[in-house]
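A short worksheet on the structure shown next.
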Number of protein chains: 2
Amino acid sequence: MVPQAPPAAADTKILILHAAQRRFADHGYEGTSLNDIADDVGIRRPSILHHFPSKEAIYRSVLAQLVGDWSELVTKAVADPTTGWVQVERVLSAAFEFFENHTDFVRLARREAIDGGPFFDEIATALQPLFDQAVGFLEREMRAGRLRKHNAAQLLLSGYGAILSYFSDAPLITVLLGTDPLSPAALKVRRREVVELFRTALEPR
Amino acid sequence: MVPQAPPAAADTKILILHAAQRRFADHGYEGTSLNDIADDVGIRRPSILHHFPSKEAIYRSVLAQLVGDWSELVTKAVADPTTGWVQVERVLSAAFEFFENHTDFVRLARREAIDGGPFFDEIATALQPLFDQAVGFLEREMRAGRLRKHNAAQLLLSGYGAILSYFSDAPLITVLLGTDPLSPAALKVRRREVVELFRTALEPR
DNA sequence: CCAAGCCTACCGACTGGTAGGTAGGTCTTT
DNA sequence: AAAGACCTACCTACCAGTCGGTAGGCTTGG
């Protein structure tokens with residue numbers, strides 16, 4: 001027989017995670033109630049707690065999933081590494097594309113970064129090795145003369161801010177620019193501009 | 001007697017606003033209860049509602065105050081305007097210093113920017129003319145050849161992101177850098193780096 | 001005397017979470 | 001094949017606690 005025994009079994013769990021991810025990204029942890037999530041899924045609140053032990057567990061699960069996706073992408077982008085600006089642009093572009101397709105992640109991560117909440121430590125310590133790795137790479141390339149000398153960590157923070165903010169603050173930027181900043185055309189412009197800014201700063205003259 | 005009669009009369013209102021600003025910045029609108037604010041001030045919740053008609057009114061009041069401060073600073077920084085990079089650096093430095101002393105503002109504004117909440121429109125429309133003004137200045141100077149040509153709006157967004165994120169995401173950055181990013185020494189380094197990045201991009205060779 | 005400022009006591013709405021029950025499928029035993 | 005045991009997925013009903021907000025009383029200085 002088809003192993004269809006639990007037809008919605010694993011399904012429902014995934015549906016809950018999806019709905020929760022959206023809600024948490026849109027309205028934050030406090031701003032999201034289990035009823036909200038249940039409504040999205042189309043079941044009752046207690047049924048949610050049949051699949052997860054608590055609201056906090058759902059949140060943790062969402063975070064772990066997203067951080068995992070992000071780590072995987074970075075790992076992939078630095079496999080088969082080249083050197084100098086080529087490698088920087090590769091990572092920059094990979095990150096940009098990832099954020100394009102994971103705007104929930106951006107907003108959620110940003111909320112965590114701002115309030116340093118109870119779950120914050122876990123994701124911070126998950127991100128730290130990636131950051132250190134990137135700093136190491138930049139410093140090595142700068143020493144080798146393949147990139148202009150800068151404070152690598154600071155430059156990285158600037159890139160982090162310039163890229164992430166564009167996605168996380170999309171509502172505000174919509175008003176400022178008067179157009180949808182997440183439209184394909186707008187994203188193309190944005191990507192070009194960011195890459196250009198860092199190329200100017202990093203590529204040896 | 002000591003003139004303690006209305007010791008907290010007008011004072012209390014200000015104390016409430018101060019406490020509310022901190023709480024809202026730390027934990028967001030949903031994450032802050034009137035009891036939290038009342039406890040900070042040292043009175044009971046209903047007493048707060050004697051001074052303000054509602055929680056929302058308090059929040060609006062906090063926002064208006066901060067946006068006002070920010071507008072004032074920008075206005076001051078562009079009075080007696082010069083041209084080219086000198087003027088850019090002046091605004092950049094002024095903004096940096098303002099954020100240093102108004103970290104509450106940064107975190108609050110960021111929260112608003114992320115969720116585009118109910119109060120969001122007001123602050124967005126308050127910020128828009130400042131943004132347009134800046135874009136206008138940059139484009140004029142680029143056309144005049146006093147700044148290198150860029151997409152002015154995009155460059156502004158990059159600066160916005162690079163500076164604001166450093167302050168708003170201080171909890172995360174603390175972990176990434178392993179030191180306090182808001183210490184005087186760290187701030188000096190940060191300011192130099194940001195200014196340098198934009199000087200490289202904007203100053204004509 | 002009166003008003004400002006603060007209080008206690010209360011309200012209805014909503015929160016996360018629990019208790020207990022039901023429908024229906026699968027697995028095991030006879 | 002039939003029957004009972006067990007399981008998952010979901011439900012309704014309820015809990016204690018907290019939320020923002022209101023009503024009304026007490027105190028105190030002008």
Side-chain angles (χ1 to χ4, degrees), chain A residues 1-63 108 111-112 115 117-119, chain B residues 1-63 108 111-112 115 117-119:
Chain A
M1 305 295 167
V2 222
Q4 50 142 29
D11 269 352
T12 302
K13 208 162 175 170
I14 291 175
L15 287 178
I16 292 172
L17 284 175
H18 280 19
Q21 178 175 315
R22 257 191 61 98
R23 286 280 181 176
F24 285 141
D26 284 350
H27 308 291
Y29 184 77
E30 315 261 11
T32 299
S33 80
L34 291 180
N35 275 324
D36 294 336
I37 301 172
D39 286 352
D40 287 353
V41 177
I43 59 179
R44 305 287 168 191
R45 176 170 25 92
S47 304
I48 290 208
L49 295 168
H50 168 76
H51 295 276
F52 293 90
S54 68
K55 179 185 178 182
E56 187 177 315
I58 300 175
Y59 189 71
R60 266 183 217 285
S61 200
V62 168
L63 272 192
L108 238 138
R111 287 182 192 277
E112 281 297 314
D115 40 285
F119 322 101
Chain B
M1 308 288 175
V2 222
Q4 50 146 29
D11 272 349
T12 302
K13 207 162 177 173
I14 291 176
L15 288 177
I16 292 172
L17 285 175
H18 279 21
Q21 178 176 316
R22 258 191 62 98
R23 286 280 181 177
F24 286 141
D26 284 349
H27 308 291
Y29 184 78
E30 316 260 12
T32 299
S33 79
L34 291 181
N35 275 324
D36 294 335
I37 301 172
D39 286 352
D40 287 354
V41 177
I43 58 179
R44 305 286 169 191
R45 175 169 25 89
S47 304
I48 290 206
L49 295 166
H50 170 76
H51 296 276
F52 292 90
S54 70
K55 179 184 179 183
E56 188 177 314
I58 300 175
Y59 189 69
R60 266 184 218 284
S61 199
V62 168
L63 272 192
L108 238 139
R111 287 182 191 277
E112 280 298 313
D115 43 289
F119 322 100

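In what follows, every heavy atom counts, from backbone to side chain, and hydrogens, waters and symmetry copies are set aside. In what follows, every chain begins at residue 1, and chains take the letters A, B, ... in the order their sequences are listed.
- With sequence neighbours excluded, no residue forms a ring pair (Phe, Tyr, Trp, His ring centres under 6.0 Å) with A/Phe52.
- Here the CZ-CG distance, from B/Arg45 to B/Asp39, works out to 10.0 Å after rounding to the nearest 0.5 Å.
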Contact pattern, 5' to 3', of nucleotides 13-19 of chain C - B, S or - by protein heavy atom under 4.0 Å: --SBBB-
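- A straight line from CD1 of A/Ile43 to P of D/dT8 spans 16 Å, rounded to a whole angstrom.
- In this structure, B/Ile58 places its CD1 atom 14 Å from P of D/dC19, rounding to the nearest Å.
- In this entry the distance linking CZ of B/Arg23 with C1' of D/dG20 reads 17 Å, nearest Å.
- For the OP1/OP2 pair of D/dC11 and a distance below 4.0 Å, the side-chain nitrogens and oxygens of A/Ser47 include at least one atom meeting the criterion.
- If you measure from atom CD1 of A/Ile48 to atom C1' of D/dC11, you get 14 Å, rounded to the nearest angstrom.
- Side-chain contact between A/Tyr29 and A/Lys55: present, with at least one pair of heavy atoms (C-beta onward) separated by less than 4.5 Å.
- Residues satisfying the side-chain contact (heavy atoms from CB on, under 4.5 Å) criterion with A/Leu63, sequence neighbours excluded, are A/Tyr59, A/Leu108, A/Glu112, A/Phe119, A/Ile123.
- Looking at A/Asp40 and A/His18, their side chains never come closer than 4.5 Å, going by heavy atoms from C-beta outward.
- Between B/His50 atom NE2 and D/dC26 atom P the separation is 18 Å, expressed in whole Å.
- Within the structure, a side-chain polar atom (N or O) of B/His51 is placed less than 4.0 Å from OP1 or OP2 of C/dC6.
- Formation of a donor-acceptor pair under 3.5 Å by the B/Asp36 side chain with backbone atoms of B/Ser33 is found in this model.
- Between A/Arg44 atom CZ and D/dC14 atom P there is a gap of 16 Å when expressed in whole angstrom units.
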